[in-house]
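Have a look at the structure below before the remarks.
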Amino acid sequence: MKKEKKIDLTDPEMIRRKELFEEFFRSPNYKPMRFKAIATLFSVPKEERNDMRLILEALKAEGKIAENGTGEYYIPGADEVVGTFQTTSHGYGFLIRDDGLADVFIPEEDTGSAMNGDKVRAKLAKDRRGRDAGRIIAVTERAVTKVVGTFTREKNFGFVIPDNRKLGTDIYIPKSGAKDVPKGYKVVAEITDYGDSHHSPEGKIVEVLGDRHEKGMDIFSIAVDAGIPTEFPEAVLKAAKKEPKEVKAPAMEGRLDLRDKKIVTIDGIDAKDLDDAISVEKEVSPDGRTLYHLGVHIADVSNYVKEGSVLDKEALERSTSVYLIDRVIPMLPVELSNGICSLNEGVDRLTLSCLMDIDEKGNIVSHTIAETVIRTAHRMNYPDVDAIITDNTEFPVSEEKYAEILKVNADVIDMLKTAYELAKILRARRFSRGALDFDFPEPKFVLDERGRAVDVKPYERNEATKLIEDFMLAANETVAEDAYWQDIPFLYRVHENPDDDKISELAVFIRNFGLTLSTGKSHRKPAKAKGISKYIPQKKEDRPDSDIHPKDIQKLLDKVSGTENEALISRVTLRSLKRAKYDVDCEGHFGLAAKYYCHFTSPIRRYPDLQIHRIIKENLHGELTDSRVSHYRAILPGVALKTSTMERRADDAERDADKMKAAEYMSAHIGEEFDGVISGVTSWGIFVELPNTVEGMVRLSDMYDDRYEFDEQKMEVYSVHGRRVYRLGDMVTVEVLDADPEMRTIDFHLINKQE
């Protein structure tokens, strides 16, 4: 294949040509032209047109020219803005500006062919009512090329009604684009023409998913729509099947043998991919000092998924396992995730272990990271372990099983109680440095034989789940600190400090409740040179004067704990924080108040964990040569970006599935009344969350007793002519007006209005 030659835009000849094109575009007689027409006008030979394209791209990058939706180049004016278009189900939308300034309202008639998520250019203007608005004049990058939806057939044509109603329009399918597709089936349509404000997009059906009433089709459609691969390529499946079914003696050579240790896994009852196990021992010295020996043993997935293999490429493409109510879409084929990589009971497994010595104050005084081989003694679950460590007399299983566990595994019971003792010490240590703990329950849906939601309840963390969290956090911090001080290329889990403006908004908001948020440093002790309990940053100049410490947030939450405003303050505080991501730089984790943090403990379901396992093992074997270090420094930024992006994709799909099933469940409760708490207030409505985690909206347009306005500063909705005020955290009673699973919306009516 002939390679395109590269040009040097700093070359004097290229600079001259660039200036020539810029002068041409700024000519008062210039009218928008396409690339081919410009090349013809300048008599640019075909072999030099790549040079010309690169010059035009450079001018675009500098903002000196722009390209509209038909491929024509023009000079953008001061009244033009660029950003991402977000639509609403009502047809109009908003342009989220790249420059961070206020969003631009786009009326329905001025959206052009733009669809939700598209990168667009808009001209600022006024709408028909004289309000500030914009008109989309070009789509510079398409976010949507395929649409998942329900096919409906007419005599000579059809339409695909998108599952994602934010797309705002149906997709017209000509007769030739939907041969033999049954009406009412879920399909994937590829867009062939994006239309405009007056004409629907046009497409063709490229995949038929199945009957929309088929069990599980609704959730499957969400996965497909999100772009999550639901099947493994044949080459990947073949590679997985070639991996061994059991660990042979040669594979154990050179590893630390821990098979005589009492090691257990603790997971959900239905879990099949067991990638972490623990062991705990307690040692009391003659002088009465206590030392805990904590082992966190993680499946050595990197032993089977080699860098650059088809398994590795597929794992990176997926980046994470996705959990969608009735199914798991795994990162790795089940032959690996549920087989040779899973730390199943009573079988030998290869692991990477973090062995920590911890004093009675929770300080990790020493540690070892090693390649190991283990044999899990018991596969345990959260409810059973919670009952054991809390001495719960109402054990979740039969009394016979409880007696059997106590009798046969008395040593395991003792170890679990010691583990609980250590977990509470680690937890107290973490909170003492300022770690935050927002414990908002997640929904757990119960489905019937047809796959319909018949119940939903909050999934509460218990002491067993917290115990595992405490141990995994300890291992993740220890491994990250170890890598940091060795200065090896690595992937860290980063949670950046909140933006100053978000903290300022939070401070203004809580003043309404007589509260203040300290952001000074006078109360803090000088930072030590190193240590996992020290909060970032490393350099004084890296920290702005208004920077806030997580302990400041923790003190605020402690002040409101147990008060009527706890839910309100907690939610607003959580929304002021940034989202965690993966990064090659160790920037610390704000929410955990940790200077060093990574994801080490779940390589079966998270690619970053698998990636750093490879690096750790190479480092242990002295194989991190200069060339390997250069290799990792080159690829890790891309891995960080890819895995962070795929994590967001998975989160969005999981949230969409939850919303759909919540609406499906509530559709059987139309007209019923529920008590709930106001979980959000906006200019268009009040969100109310029920005790079972279901959230719906009371639209301001449906509150007929008065006209209501939204006060953004106070985060409240108030009646204009009365004295009614609705704030975050207020307890209210609502009636279910409507619930639409396809729209993923639930409408409430407020029936206990304040007097």
**OP:** Mind checking salt bridge (charged side-chain N to carboxylate O under 4.0 Å, His left out) for Asp273 and listing every partner two or more places apart, or none if nothing turns up?
**Re:** none
Subject >> Glu477 with Arg493: basic N within carboxylate O range, under 4.0 Å >> reply: no
**OP:** Please assess Ile615 against Leu636 for the test side chain to side chain contact (heavy atoms under 4.5 Å, CB included), listing each intermediate value before the final yes or no.
**Re:** CA-CA 11 Å; Ile615 297 171; Leu636 288 181; 4.0 Å; yes
Listed pairs under 3.5 Å, donor-acceptor, residues 217-241 side chains, sequence neighbours left out:
from   : atom 1 : to     : atom 2 : distance (Å)
Asp218 : OD2    : Lys661 : NZ     : 2.9
Ser221 : OG     : Met217 : O      : 2.8

Subject >> Asp482: side-chain hydrogen bond (donor to acceptor under 3.5 Å, both in side chains) partners, not counting sequence neighbours >> reply: His367, Gln486
Original post:
More than 12 foreign heavy atoms under 6.0 Å from NZ of Lys313: is that the case here?
Top reply: no
**OP:** Could you point out which residue of Thr150, Ile171, Thr169, Asp170 forms a side chain to side chain contact (heavy atoms under 4.5 Å, CB included) with Phe159?
**Re:** Asp170
Original post:
Relative to each other, are the rings of Tyr582 and His599 parallel, tilted or perpendicular (30° and 60° limits)?
Top reply: perpendicular
Subject >> Lys/Arg-Asp/Glu bridge criterion (N-O < 4.0 Å) met for Asp652, Arg655 >> reply: yes
**OP:** Report yes if some heavy atom in the side chain of His613 is under 4.5 Å from a heavy atom in the side chain of Ile298; otherwise report no.
**Re:** yes
Subject >> Lys272 bridged to Asp267 by N-O distance under 4.0 Å >> reply: no
Subject >> Presence of salt bridge, Asp499 and Lys502, under 4.0 angstrom >> reply: no
Original post:
Closest approach of Arg379 and Ile269, non-hydrogen atoms and distance?
Top reply: NH2-O, 3.5 Å
Original post:
Does NZ or CZ of Arg318 come closer than 6.0 Å to the centre of the six-membered ring of Tyr607, within 45° of the ring's axis?
Top reply: no
**OP:** Please say whether more than 12 non-hydrogen atoms of neighbouring residues, nucleotides or ligands are located less than 6.0 Å from NZ in Lys578.
**Re:** yes
Original post:
Going by distance alone, is a donor N or O of one side chain under 3.5 Å from an acceptor N or O of the other, for Asn476 and Tyr597?
Top reply: yes
**OP:** Could you tell me whether Asp437 and Arg430 make a salt bridge, using a distance below 4.0 angstrom between a side-chain N and a carboxylate O?
**Re:** no
Subject >> Results of side-chain hydrogen bond (donor to acceptor under 3.5 Å, both in side chains) for Glu307 - residues two or more places apart only >> reply: Arg628, His631
Subject >> Pair listing, side-chain hydrogen bond (donor to acceptor under 3.5 Å, both in side chains) test, anchored in residues 340-354, at least two apart >> reply: Arg259-Asp348, His297-Ser353, Ser342-Asn344, Asp348-Arg375, Thr351-Thr372, Ser353-Thr372
Subject >> Basic-acidic side-chain contact under 4.0 Å: Lys466, Glu469 >> reply: no
Subject >> Residues Glu442 and Arg461 bridged, charged N to O under 4.0 Å >> reply: no
Original post:
In this structure, are over 12 heavy atoms from other groups packed under 6.0 Å from Lys642 atom NZ?
Top reply: yes
Original post:
Got more than 12 heavy atoms from elsewhere within 6.0 Å of NZ, Lys245?
Top reply: yes
**OP:** Kindly indicate, with the supporting measurements, whether the criterion salt bridge (Lys or Arg N to Asp or Glu O under 4.0 Å) is fulfilled by Asp656 and Lys659.
**Re:** CA-CA 5 Å; Asp656 285 344; Lys659 286 182 178 180; 5.2 Å; no
Original post:
Looking at Glu695, His669, Met697, Met666, which one forms a side chain to side chain contact (heavy atoms under 4.5 Å, CB included) with Ile746?
Top reply: Met666
Original post:
Can you find a pair of side-chain heavy atoms, one from Val479 and one from Ile616, that are under 4.5 Å apart?
Top reply: yes
Subject >> Lys204 and Thr192: side chain donor to acceptor below 3.5 Å >> reply: no
**OP:** For the residue pair Tyr484 and Tyr596, categorise the inter-ring angle as parallel (less than 30°), tilted (30 to 60°) or perpendicular (more than 60°).
**Re:** tilted
Subject >> Sequence-distant partners of Asp585, salt bridge (charged side-chain N to carboxylate O under 4.0 Å, His left out), two or more places apart >> reply: none
Original post:
Hey, mind stepping through Thr645 and Arg649 against side chain to side chain contact (heavy atoms under 4.5 Å, CB included) and telling me if it holds?
Top reply: CA-CA 6 Å; Thr645 302; Arg649 179 180 74 172; 5.9 Å; no
